[in-house]
Amino acid sequence: MCGAPVDLSFKNISSLTDAWTEEPSSSLRPLKKNSEMKYLSRSLRLNNNIITDLHDLQRTVCHFLAEPSHLAWLDLSFNKITHIDPALCELRALRVLYLHGNNIFIMSEVDRLGVLPHLHSITLHGNVIETNKAYRNRVISVLPRLKTMDFSAVTRQERVMAKIWHHSGRSSKETLQ
């Protein structure tokens, strides 16, 4: 079931429903389909498009994947996404989420991702929120199961500092920008 990623990157997709008419790019590992012509994969690449919102994300995942509830890896990097849509929180098996190179500007929206029990790797660099002084501390404090953030390991010291930062009350004042 862990086949090649369904790759819809570089397709000039502006809305997720546009993706439904696209054929995934081929790779060295061939994509396998089930009898319903859905892909046997746990990975979806929608990077390097012009997607602005994710309100049809669940339907798009269901359109392509044989077992949409098992989506573990989602690449939405280098799009035009401005908000962390609650639709991402419905992907309960998600382990890896790439959101770098978008236009996310409200730091507190990262908090929504705290409901994802298996999320261990996230990228958010290249978004407006990265300019916030508390950026890394905030993300690590609200996503305590992270092992990597922005392609760098989360260290034990960073976890301790994020916890101290969170308990100092700075989280509400510095991160609502």
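Positions are given from 1, in the same order as the sequence printed here.
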Does L16 form a side-chain contact (heavy atoms from CB on, under 4.5 Å) with L46? I'd like the steps, not just the answer.
CA-CA 9 Å; L16 290 173; L46 288 160; 3.8 Å; yes

In Å and rounded to the nearest 0.5 Å, what is the OG to CG distance from S77 to L124?
11.5 Å

L76 and L54: CA distance, side-chain angles, deciding distance, side-chain contact (heavy atoms from CB on, under 4.5 Å) verdict
CA-CA 10 Å; L76 291 164; L54 302 174; 3.9 Å; yes

Give me the ring orientation class for W20 and H63: parallel if the planes are under 30° apart, tilted from 30 to 60°, perpendicular past 60°.
parallel

Would you check if the side chain of Y39 reaches a backbone N or O of P5 as a donor-acceptor pair within less than 3.5 Å?
no

Tell me whether the count of non-hydrogen atoms from other residues, nucleotides or ligands lying under 6.0 Å of NZ in K33 goes above 12.
yes

Distance from F78 atom CZ to N47 atom CG, nearest 0.5 Å?
8.5 Å

Quick check: closest heavy atoms across V61 and P68, and the distance to 0.1 Å?
CG1-CB, 3.6 Å

Side chains of V128 and M107, heavy atoms from C-beta outward: is any pair under 4.5 Å?
no

Side-chain heavy atoms of V142 within contact of L113, under 4.5 Å
no

Here the pair of heavy atoms bringing A19 nearest to I13 is CB-CD1, 3.8 Å

Just how far is it from atom CD1 of I84 to atom CG of N127, taken to the nearest 0.5 Å?
8.0 Å

Could you state the interatomic distance from NZ (K80) to CG (D53), rounded to the nearest 0.5 Å?
14.0 Å

Evaluate L97 against L91 for side-chain contact (heavy atoms from CB on, under 4.5 Å), listing each step before the verdict.
CA-CA 10 Å; L97 177 60; L91 306 172; over 6 Å; no

Got D75 and S9 here, is their nearest side-chain heavy-atom distance under 4.5 Å?
no

Show every side-chain hydrogen bond (donor to acceptor under 3.5 Å, both in side chains) that has at least one partner inside residues 84-103, sequence neighbours left out.
H100-T123

Taking atom CZ of R145 and atom CD1 of I122, what is their separation to the nearest 0.5 Å?
12.0 Å

As a quick check of understanding, evaluate side-chain contact (heavy atoms from CB on, under 4.5 Å) for R136 and W165, giving each step before the final call.
CA-CA 11 Å; R136 194 161 172 96; W165 172 86; over 6 Å; no

How far apart are the closest heavy atoms of N49 and K11, and which atoms are they?
OD1-N, 2.9 Å

Interatomic spacing from OG in S69 to CG in L94 - rounded to 0.5 Å
12.0 Å

Shortest non-hydrogen contact between L143 and G114, atoms and distance:
CD2-N, 3.5 Å

Does the side chain of L88 reach to within under 4.5 Å of the side chain of L74, using non-hydrogen atoms?
yes

Side-chain donor/acceptor of D150 to backbone N/O of S152, under 3.5 Å
no

Grab the two heavy atoms, one from S41 and one from A4, that are nearest each other, plus how far apart they are.
OG-O, 2.8 Å

Run the salt-bridge test on D7 and R45 with the 4.0 Å N-O cut-off and return the result as yes or no.
yes

Is there a side-chain contact between T60 and F64, using heavy atoms and a 4.5 Å cut-off?
yes

Closest non-hydrogen atom pair between P24 and L31, with its separation:
CB-CD1, 3.7 Å

Are the side chains of T17 and R59 in contact, using a 4.5 Å heavy-atom criterion?
yes

Taking C-beta and beyond as the side chain, do I106 and H83 meet within less than 4.5 Å on heavy atoms?
yes

Quick one: does V154's side chain get under 4.5 Å of R159's, heavy atoms only?
yes

